[in-house]
Structure formats: structure tokens, C-alpha cells
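In listed order, ligands and their atoms are each counted from 1.
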Amino acid sequence: MTALKNDRFLRALLKQPVDVTPVWMMRQAGRYLPEYRASRAQAGDFMSLCMNPEFACEVTLQPLDRYPQLDAAILFSDILTIPDAMGQGLYFETGEGPRFKKVVSTLADIEALPIPDPHKDLGYVMDAVSTIRRELNGRVPLIGFSGSPWTLATYMVEGGSSKDFRKTKAMLYDNPQAMHLLLDKLAQSVTAYLNGQIQAGAQAVQIFDTWGGNLSAAAYQEFSLAYMKKIVSGLIREHDGRKVPVILFTKNGGLWLESIADAGADALGLDWTCDIGNARARVGDKVALQGNMDPTVLYAKPEAIRTEVGRILASYGKGSGHVFNLGHGITPEVDPEHAGAFLRAVHELSAQYHE
Ligand SMILES: Cc1c2[nH]c(c1CCC(=O)O)Cc1[nH]c(c(CCC(=O)O)c1C)Cc1[nH]c(c(CCC(=O)O)c1C)Cc1[nH]c(c(C)c1CCC(=O)O)C2
């Protein structure tokens, strides 16, 4: 494999010295980019982009070609590939988000779910990873990812997106054994899937627990964090002579950072509701931090974006262990020029913290 030309993202995740703070953006390949919208129109729809390794590679590289400041690439795919491979029949209704043809409601439904074989049932994702690695040619590291068991379970039980997670939470409290069986099957599936991505060339992996922060403190520990811990303990942590850092991102998990830091991962993703300097003091040397600018700051003018970047960098303070990112995905309405101003500001303003 080609040597990495820019490894500051991997170094920061392992708290090794860097020259400037590395940066990437959640959903960096997405609808705010006209070139993404053109590729999607050409492919037909979103899932066709994901399922065709050449298209997935093309859109993964689009933000990197536009913004030379990006320090990492992220696989273009979706967290819902796993439930789809379990036979749930994923589809996207335009403007409506994800939907499933089958919904998981009973213990019998859960017992019948297979654990997907990443190479057979999700081979298109493995092919996308190896294609992207080849085309990146060492430019920056490639991030692989998966959803957390709890977050995937919400989509499977609700049949799509939800505001209140009514069915999923009713199952959790009425039938905890059934919920545990579902989460256990998902944890096994995610472990195999992420290990497949690592073997195919992913150089770091992130687990997106988008809806963990919607649980009670006690339920979070038992129904989300416990399963992420299980996954982390089953992951390949070194590949091709390099450590493969693991990032856990629980959106709205700010109250529980100490326990998330104990889960065995290398880094925690932070949304914008916590102060990153305070988070650093709370987790100490256990983990690096990734985040955490409010993505809506990108609607403001470049000067205001720069001020906010400066504030977050100052809050984190000196030394390595910070990967700059948004606290959640970049939205379709953002002006690509503003994203560029954000990325430039991170590199320009962070050098002083790494002298
Ligand atoms: C919850 C979740 C999903 N998918 C994902 C999450 C976890 C992260 C988060 O909290 O956002 C993860 C995801 N989805 C996508 C990526 C690609 C990589 C990247 O650039 O960050 C990643 C990492 C592409 C995508 N996934 C989706 C799009 C938009 C689809 C399109 O082009 O129409 C993209 C670029 C669709 C998707 N996929 C999902 C939803 C709810 C939606 C619809 C909402 C929306 O439209 O933004 C499920």
C-alpha cells in the first residue's frame, strides 16, 4: 500500500504531535455540493450512489478535490446498509428520509434476523472502501463507519426516522429481552462489518450513535453504551503496521462523557452543546476529542465562522488530541464557500496551539 502523505488526522486521534489541528466535516460529501447533486442525478438516486463502488468513490473524493485542507476522507455510504442487508428493504422517499419495507415488531421478527456476512451481503461497501483507498493513493486517511446498535434499532423498529421513538422505547421497556436480542445481533453485525471495512482499507472507524442521547441515563448505559463497548472490544485495532483508531460519537451524550471515555475507544465525537475545553478536562488523557462547531454557524458570514473556529480552538487549548469537525452533519443549504472558509480557518488559526 502507498505511504500516507498526510497522517495528522490519525496522529491527533492517538494524541501524537501535529503541526496544525486536522479537520474534516460530517457529511462532507453531500447535497450542499453541486458536483454531488450532479453525480446523484446521474446515478439515479442516493442508494445507487452507495451501491456502485465507482460512484461511491467519485463522491467521496469530491470534497477533497474542492478543499485541499481536508485531512480525512469518509467512505460514502449510509448507516442503514446493515438493516438493509438483514432483509429489511431500505428505500428513500425523496424529501422524506429513509424507510423500510419490513418493520421489526416482535421477538419472532428479531429471532428471524440474519447476521450479514460483510463480504457477501455488503460486498459493495467493501469494494467501495478498496476502490477509494486505491484512488486516494495516500493523500489522506480513509474513515470507515457504522451506526451504533441502538441507533440502527430505532430505524428498524420505527420503520424509518422518528421524533419520539415511540415503538422502540415501548419495546425497550415492555420487552427488554427482545430489545437486548436485537441489539446483540446488531453488535455482532457491526463488529463484522467494521472489521471488513478495516481489512478492505479503512484506516480509522467511527460509530455514529445519533440517537443514544435520546435515552435516559440508565437506559443509555444498558441499551447503547454497553453494545458499543462490545463492538470496540471486538475490532481489529492494528492493520498494515498502523493503529486503527476508533471514534465513538453519541449525539447529545455530553452528560455522560466520562463513561463513554471508558468504553475503550481512542476518541469521542462531540456535538456543539458541550464546551470542548470542559470536555477535555473531564476525559483527561483517556481519549482524543473530535468536534464540535454547531453546523448552523456555516450559515453565517466567513468572518463569523472564523471567530467561532478561533473560540473552539482556544477552548481546547494547546497540544494534540483534537480533530476539528462539526458537531453534526453539514446541511444541504450551506454555501460551499462558507465550508471553505471554515476549513481554512481551522488550519490558519490552529498552528499557534501546536508550537
Ligand atoms: C442517522 C444517520 C443516517 N446516515 C448516517 C447517520 C449517522 C450520522 C448522522 O447522524 O447524520 C451516516 C451517513 N450518511 C451519509 C454519510 C456519508 C459520509 C459523509 O460524507 O459524512 C454518513 C456518515 C450519507 C448520506 N445519507 C443520506 C444522505 C442524503 C441523501 C441524498 O443525497 O438525498 C447522505 C449524503 C440519507 C440519510 N441517511 C440517514 C438519514 C436520516 C438520511 C436522510 C436525512 C437527510 O436527507 O439528510 C441515516
Trainee: Is it the case that over 12 heavy atoms from other parts of the model lie below 6.0 angstrom from the NZ atom of K5?
Mentor: yes
Trainee: Report yes or no: does Y36 have a heavy atom closer than 4.0 Å to ligand 1?
Mentor: yes
Trainee: Starting from atom 23 (C) of ligand 1, find the nearest protein heavy-atom neighbour and note its residue, name and distance.
Mentor: F145 CZ, 3.4 Å
Trainee: Strictly under 4.0 Å, does any heavy atom of P63 approach an atom of ligand 1?
Mentor: no
Trainee: Look at atom 29 (C) of ligand 1 and find which of R31, M26, E93 reaches it with the closest heavy atom.
Mentor: R31
Trainee: Got the closest protein heavy atom to atom 12 (C) of ligand 1, with its distance?
Mentor: I79 CG2, 3.6 Å
Trainee: Note the single closest protein heavy atom to atom 38 (N) of ligand 1, along with its residue, its atom name and the distance in Å.
Mentor: D78 OD1, 2.7 Å
Trainee: Heavy-atom contacts with Q28 under 4.0 Å: which atoms of ligand 1 show up? List them by number with element.
Mentor: 19 (C), 20 (O), 21 (O)
Trainee: Check this for me - ligand 1, Y155, N or O atoms closer than 3.5 angstrom, yes or no?
Mentor: no
Trainee: Taking D71 for its side chain and V23 for its backbone only, find out whether a donor-acceptor pair lies under 3.5 Å.
Mentor: yes
Trainee: Please check whether T151 reaches ligand 1 - meaning an N/O of the residue sits under 3.5 Å from an N/O of the ligand, judged on distance alone.
Mentor: no
Trainee: Counting only heavy atoms not in R166 (residues, nucleotides, ligands), do more than 12 fall under 6.0 Å from its CZ?
Mentor: no
Trainee: Would you check whether P98 has a nitrogen or oxygen atom less than 3.5 angstrom from a nitrogen or oxygen atom of ligand 1?
Mentor: no
Trainee: Report, as yes or no, whether the 6.0 Å neighbourhood of atom NZ on K318 holds more than 12 heavy atoms from other residues, nucleotides or ligands.
Mentor: yes
Trainee: Starting from atom 36 (C) of ligand 1, what is the nearest protein heavy atom, named by residue and atom, and what distance separates them?
Mentor: F92 CE2, 3.4 Å
Trainee: Nearest heavy atom to atom 17 (C) of ligand 1: which of G144, P332, G329, S77 does it belong to?
Mentor: S77
Trainee: Report, in ascending order of atom number, the atoms of ligand 1 lying under 4.0 Å from any heavy atom of F76.
Mentor: 35 (C)
Trainee: In terms of hydrophobic clusters joined by side-chain contacts under 4.5 Å, are V18 and I276 together?
Mentor: no
Trainee: Strictly distance-based, threshold 3.5 Å: is any side-chain N or O of K243 a donor or acceptor partner for the main-chain N or O of L14?
Mentor: no
Trainee: Just by modelled atom types, is the T106 backbone N or O under 3.5 Å from a matching donor or acceptor in the D109 side chain?
Mentor: yes
Trainee: Return yes if some donor-acceptor pair links the side-chain N/O of D275 with the main-chain N/O of G277 below 3.5 Å, else return no.
Mentor: yes
Trainee: I'd like to know whether W150 forms a side-chain hydrogen bond (donor to acceptor under 3.5 Å, both in side chains) with Y220, so could you lay out the CA-CA distance, the side-chain angles of the two residues, the decisive distance to 0.1 Å, and finally the verdict.
Mentor: CA-CA 9 Å; W150 168 254; Y220 175 72; over 6 Å; no
Trainee: In the protein, which heavy atom is nearest to atom 9 (C) of ligand 1, and how far is it?
Mentor: H328 NE2, 3.1 Å
Trainee: Among Q62, R27, E96, which one puts a heavy atom closest to atom 44 (C) of ligand 1?
Mentor: R27
Trainee: Closer than 4.0 Å to some heavy atom of T210 - which atoms of ligand 1 meet that?
Mentor: 1 (C), 7 (C), 8 (C), 9 (C), 10 (O)
Trainee: Which protein non-hydrogen atom lies closest to atom 34 (C) of ligand 1, naming both residue and atom, and how far is it?
Mentor: F46 CE1, 3.4 Å
Trainee: May I ask whether M51 and Y91 are part of the same hydrophobic cluster, defined by side-chain heavy atoms of I, L, V, M, F, W, Y residues being less than 4.5 angstrom apart, directly or through others?
Mentor: no
Trainee: Taking 4.0 Å as the limit for heavy-atom contacts, which would you say applies to R40 with ligand 1: side chain only, backbone only, both, or neither?
Mentor: side chain
Trainee: So is R37 touching ligand 1 or not, going by heavy atoms under 4.0 Å?
Mentor: no
Trainee: If you have a sec, work out which protein heavy atom is nearest atom 8 (C) of ligand 1 and how many Å separate them, to one decimal?
Mentor: F208 CD2, 3.4 Å
Trainee: For residues 320-343, pull every pair meeting salt bridge (Lys or Arg N to Asp or Glu O under 4.0 Å), keeping only residues two or more places apart or in separate chains.
Mentor: none
Trainee: What do you reckon, is CG of D285 surrounded by more than 12 foreign heavy atoms closer than 6.0 Å?
Mentor: no
Trainee: Has ligand 1 got any nitrogen or oxygen that is less than 3.5 angstrom from a nitrogen or oxygen of W24?
Mentor: no
Trainee: Same cluster for F324 and V20 if Ile/Leu/Val/Met/Phe/Trp/Tyr side chains link at under 4.5 Å?
Mentor: no
Trainee: So for L75, does at least one of its heavy atoms come nearer than 4.0 angstrom to any atom of ligand 1?
Mentor: yes
